[in-house]
Engineer: 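The structure is given below, and queries will be raised subsequently.
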Number of protein chains: 2
Amino acid sequence: MTSSSTRESILDATERLAASGGTDALSLRSITREAGVNVAAIHYHFGGRDGLMRAMLDRHVAPLNARRLALLDGLDEAAGPAAVLEAFLRPDLELIDRLRRDGRASLTRFLGEAYARPTPEVAALMAAQFHPVAEAFLARLAGCLPEVPPAELRLRLGLVVAVVQGLFAEAPDLDGPALLGADTLDEQVRRLVSFAAGGVGAPAATPHARRP
Amino acid sequence: MTSSSTRESILDATERLAASGGTDALSLRSITREAGVNVAAIHYHFGGRDGLMRAMLDRHVAPLNARRLALLDGLDEAAGPAAVLEAFLRPDLELIDRLRRDGRASLTRFLGEAYARPTPEVAALMAAQFHPVAEAFLARLAGCLPEVPPAELRLRLGLVVAVVQGLFAEAPDLDGPALLGADTLDEQVRRLVSFAAGGVGAPAATPHARRP
DNA sequence: GTCTATAACTGGATAGAC
DNA sequence: GTCTATCCAGTTATAGAC
């Protein structure tokens, strides 16, 4: 078996396990059993467990951010904040939707955990990949929303990211009457974007009187 | 040493470890070392590791929800959506702020993980505790925001919860120029509430024309 | 109620043959 | 590049003395 096909089969097996059993099922032993390869192969190809996890993240996060930028790039000059936020959010919902249709919903939790409890290295990788994306969207939003101070905009985009993180974490459980349950993808996008646009474009907070 | 004081010292030690080392530092061995008690004591008092984790959650989540309801109860009849959302969100920010001032910021990650990767039992416990709170707030919000359909309101409150979950997960790292970094607590509350109120009260999403 | 001692496992990593 | 065999640190849990 050539080098690259073993590498791929390890990644595929890891993904299958993450999708069905959640992150706890991702021991080197279970992965190698699933992939039909050997424990040492993982160390050879990825340098260890951490390297494998980083490779898994790249596999999903890089396309996600690429799609964000592509959608942003395709917008009209005159696009409003809602359209910009749709470019930011739609790729996440597409990913969640695709994985859930495949019966691989638990894979979203793997991604959610990369946010919620990153290894220092994973955190650095995520930040490095996400930073230019965030800056591009912030610049565009600042153009649409001149009345919102840039610092406030930055904070609010951070809150939007927090929403997305929450969606990824909960996505496997949303089968019932929950968040994005029974809707079509476009419907989900509309609803999420209307919430996000309302939040990002809200009048800047001013101190208000407290009750006596 | 009496039964209850051992129980307490175990809980305290668990909390100290979660606060300094994150969730991975919470093995029975490290806990018993820190508490100066024995491994078997944990099984005696909590029935095992899971029971201990459940007890830890109760210790923080129960007061959180109680405070939410208390603040909601103290509102004027005429209170608007922003005030209601402040009652919902302020307890979270208070908790994060308090833990960060104590140098126990990592404890927030423990709570964030309870959302992001709950044991089935933990998920059930969280849902049971949170459900009545959510219903109370939804009823109140429905009164303030008759123009937003109840189903939409429910979804949006879910998104607010996702924001909170994201805040808990990231809180330990927010020392730099990040989300709620340099502000006072009241300032944080104002900013978060203005975002949430903008999102929850946004005009209901309507289909909009896509670009050609 | 508390402790010692130990059982029974699983985890990641690696040396060295092929 | 790939495998076998092994190492060792780590985990939860429990039986049984006190």
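Just so it is clear: chains get the letters A, B, ... in the order the sequence lines come, proteins before strands, and each one is counted from 1.
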Engineer: Between B:Arg68 and B:Glu86, does any side-chain N to carboxylate O distance fall below 4.0 Å?
Structural biologist: no
Engineer: Is the phosphate of C:dA15 approached by A:His43 (side-chain N or O, under 4.0 Å from OP1 or OP2)?
Structural biologist: no
Engineer: Hey, are A:Arg90 and A:Asp186 close enough for a salt bridge, meaning a charged N less than 4.0 Å from a carboxylate O?
Structural biologist: yes
Engineer: Does C:dT2 have its OP1 or OP2 closer than 4.0 Å to a side-chain nitrogen or oxygen of B:Thr6?
Structural biologist: yes
Engineer: Charged N to carboxylate O under 4.0 angstrom, A:Glu170 versus A:Arg109?
Structural biologist: no
Engineer: Can you check the B:Asn38 CG to D:dA15 C1' distance for me, whole Å?
Structural biologist: 13 Å
Engineer: Which whole-number value in Å describes the distance from B:Ile31 CD1 to D:dA13 P?
Structural biologist: 11 Å
Engineer: Expressed in angstrom and rounded to an integer, what is the separation of A:Arg7 atom CZ from D:dT2 atom C1'?
Structural biologist: 16 Å
Engineer: Checking contacts here: which listed nucleotide (D:dT2, C:dA13, D:dA13) is nearest the side-chain heavy atoms of A:His45?
Structural biologist: D:dT2
Engineer: If you assign B:Gly36 and A:Arg49 each to the DNA chain C nucleotide with the nearest heavy atom, which residue ends up on the more 5' nucleotide?
Structural biologist: B:Gly36
Engineer: Side chain of B:Tyr44, heavy atoms from C-beta onward: which of D:dT2, C:dT2, C:dA13 has the nearest atom to it?
Structural biologist: C:dT2
Engineer: With DNA chain C as reference, determine whether A:Ala40 or A:Asp24 sits nearer its 5' end, using the nearest nucleotide of each.
Structural biologist: A:Asp24
Engineer: Measure from CE on A:Met53 to P on C:dG12 and round the result to the nearest Å.
Structural biologist: 8 Å
Engineer: Can you check whether A:Ser27 has a side-chain N or O nearer than 4.0 Å to OP1 or OP2 of C:dG11?
Structural biologist: yes
Engineer: Is the closest basic N to carboxylate O distance between B:Glu135 and B:Arg154 below 4.0 Å?
Structural biologist: yes
Engineer: If you only use heavy atoms from C-beta on, which nucleotide in C:dC3, C:dA13, D:dT2 is closest to the side chain of A:Arg29?
Structural biologist: C:dA13
Engineer: How long is the line joining CG of A:Leu28 and P of C:dG12, in whole Å?
Structural biologist: 4 Å
Engineer: Looking at B:Arg101 and B:Asp97, is there a salt bridge between them, counting it only when a charged N and a carboxylate O are closer than 4.0 Å?
Structural biologist: yes
Engineer: Taking atom P of C:dG11 as reference, at what distance in whole Å does atom CZ of A:Arg33 sit?
Structural biologist: 8 Å
